[in-house]
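Each ligand, and each atom within it, is numbered from 1 in the order the structure gives. On a predicted model such as this, the values are computed, not experimentally measured, just so you know. Throughout, residue positions are numbered sequentially from 1 according to the sequence presented.
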Amino acid sequence: MDGLNKSMYEIGSDSAFAILARSQELEKEGKKVINLGIGQPDFPTPPNVVEAAIKALKDGHHGYTSSNGIRELRCAVADDFFKRNNVKIDPDDVLITPGGKSIIFYTLLMFGQPNTEIITPDPGFIAYKSMIDYTGAKAISLPHRMENDFSFDAEELLSLVNKNTKLIILNSPANPTGGVVPEKELNKLAEGLLKFPNVFVLSDEIYSRIIFDEHKHHTLLKYPEIRDRIIVLDGWSKTYSMTGWRLGFGIFPKSIFNYAEKLAINSHSCVNSASQYAGIEALNGSQINVEKMILKFQARRDFLVSKLNEIENVQCKKPGGAFYVFPRIKKNSLSSSEISKYLLEKKFIATVPGSSFGVNGEGFLRISYASNMKNLEKFTLCLEEFMNE
Ligand SMILES: Cc1ncc(COP(=O)(O)O)c(C=O)c1O
């Protein structure tokens, strides 16, 4: 197709959605597919949250809201952020969006353009690179290596910054690896960034509540010296099993909030109001369902890590957060994409090849453990069978 804006030919897609579509096709053919490909919790939204949305609709909240989100919700976000991070934020800096993904989109529209560079995690969430490519900026890979527990090295990151660098994207706990960046690395980064006063950071903290063992989440907003350049992305999708409600938020520095809001006004106008009322209840109501979900995820992670490491030529780190494991799998000279395809077409198990997340993801598979134990057991047995074939 000719004639489109040439950026359209650069934009990528998300292979997890393509794999979901293929799984659905197989299911239509009567196959029972175990889906470990998609990143959404397998628990329902907590009932008190659903009730709050129903009440909002019955109370007549059917219209547009202010484009940045209803004030009560932005205040609830600020209170919750303080409770979790001990960092005060101004509710006026919060932009409520239809899912966290919009924050990636708006931020990259604000910073990306030809002849600029944006540093992005590799392996990393697919939308970052797709959108960087769309804007014409150059994506610079920041390796997150297995040997480093899938964290980055602050010195290496700072060595990638130059006069063309406009933005750094970070994500902890991370998709696709579950890696958590330790505080000491963030301390080094915050100090090093003082030398580059024009570089902004998009800190994707959407998995900040899903964190295990001794690991602790540290928001980048806790460093006052760089705070005026930090954009935080978070939302309800993962923590409250609300992927389909489309509810997320960004916290923007005052200097650029107005631009983000204009992008919102010109694209989604506002998030549907029932979801916003549900979001207030999610933050202010009981957290018992979230706590139960995290314990379940932790037990599944422990099971998978231990089983996967028993299989020859499979190596799996114990991730500190999110709900993914990212094992290295060596089978002859097969690529991660060939292994993932084989597992889907022959064993009916959907996974995502590591190469979808960047060149440093080759040789790995992303397994989402947002699925029950029975399915995870079946997966480990099938993988073992495949490795022995
Ligand atoms: C790292 C990361 N950021 C952002 C998102 C987007 O979340 P949402 O569904 O709220 O748009 C996801 C979803 O998979 C994610 O994994």
Asp204, Thr243, Asp234: member with heavy atom nearest to atom 4 (C) of ligand 1: Asp204
With Phe111, the ring pair (Phe, Tyr, Trp, His ring centres under 6.0 Å) member among Phe200, Tyr128, Tyr259: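 Passing option: Phe200.
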Nearest-contact summary for [atom] - protein heavy atom, Å:
{"atom": "atom 12 (C) of ligand 1", "result": "Phe125 CZ, 3.4 Å"}
{"atom": "atom 7 (O) of ligand 1", "result": "Ile206 CD1, 3.5 Å"}
{"atom": "atom 11 (O) of ligand 1", "result": "Arg246 NH2, 2.8 Å"}
{"atom": "atom 6 (C) of ligand 1", "result": "Lys101 N, 3.8 Å"}

Pair Tyr324 + Phe297: ring centers closer than 6.0 Å: no
Ring centroid separation Tyr240 to Trp245 under 6.0 Å: no
Contact (N/O only, under 3.5 Å) between Gly100 and ligand 1: yes
Within one Ile-Leu-Val-Met-Phe-Trp-Tyr cluster: Leu142 and Tyr207, side-chain cutoff 4.5 Å: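 In one cluster with Leu142: Tyr207, yes.
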Hydrophobic cluster membership, Phe82 vs Val232, 4.5 Å side-chain cutoff: no
Check: Asn360 main-chain N/O paired with Asp122 side-chain donor or acceptor under 3.5 Å: yes
Side-chain (Asn171) to main-chain (Pro173) donor-acceptor, under 3.5 angstrom: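 Side chain of Asn171 to backbone of Pro173: a pair is present.
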Side chain, backbone, both or neither: the part of Tyr128 lying under 4.0 Å from ligand 1 by heavy atom: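 Only the side chain of Tyr128 comes within reach of ligand 1.
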Which segment of Tyr207 sits under 4.0 Å of ligand 1 when only heavy atoms are counted: side chain
Aromatic plane relationship, Tyr369 with Phe323 - under 30° parallel, 30 to 60° tilted, over 60° perpendicular: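 The arrangement is perpendicular - the two ring planes meet at more than 60°.
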For [X], the ligand 1 atoms whose distance to one of its heavy atoms is below 4.0 Å:
{"X": "Asn171", "result": "1 (C)"}
{"X": "Gly99", "result": "10 (O), 11 (O)"}
{"X": "Ser237", "result": "8 (P), 9 (O), 10 (O)"}

contact_flag Lys238 ligand 1 heavy-atom lt 4.0 Å: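 Per 4.0 Å heavy-atom rule, Lys238 contacts ligand 1.
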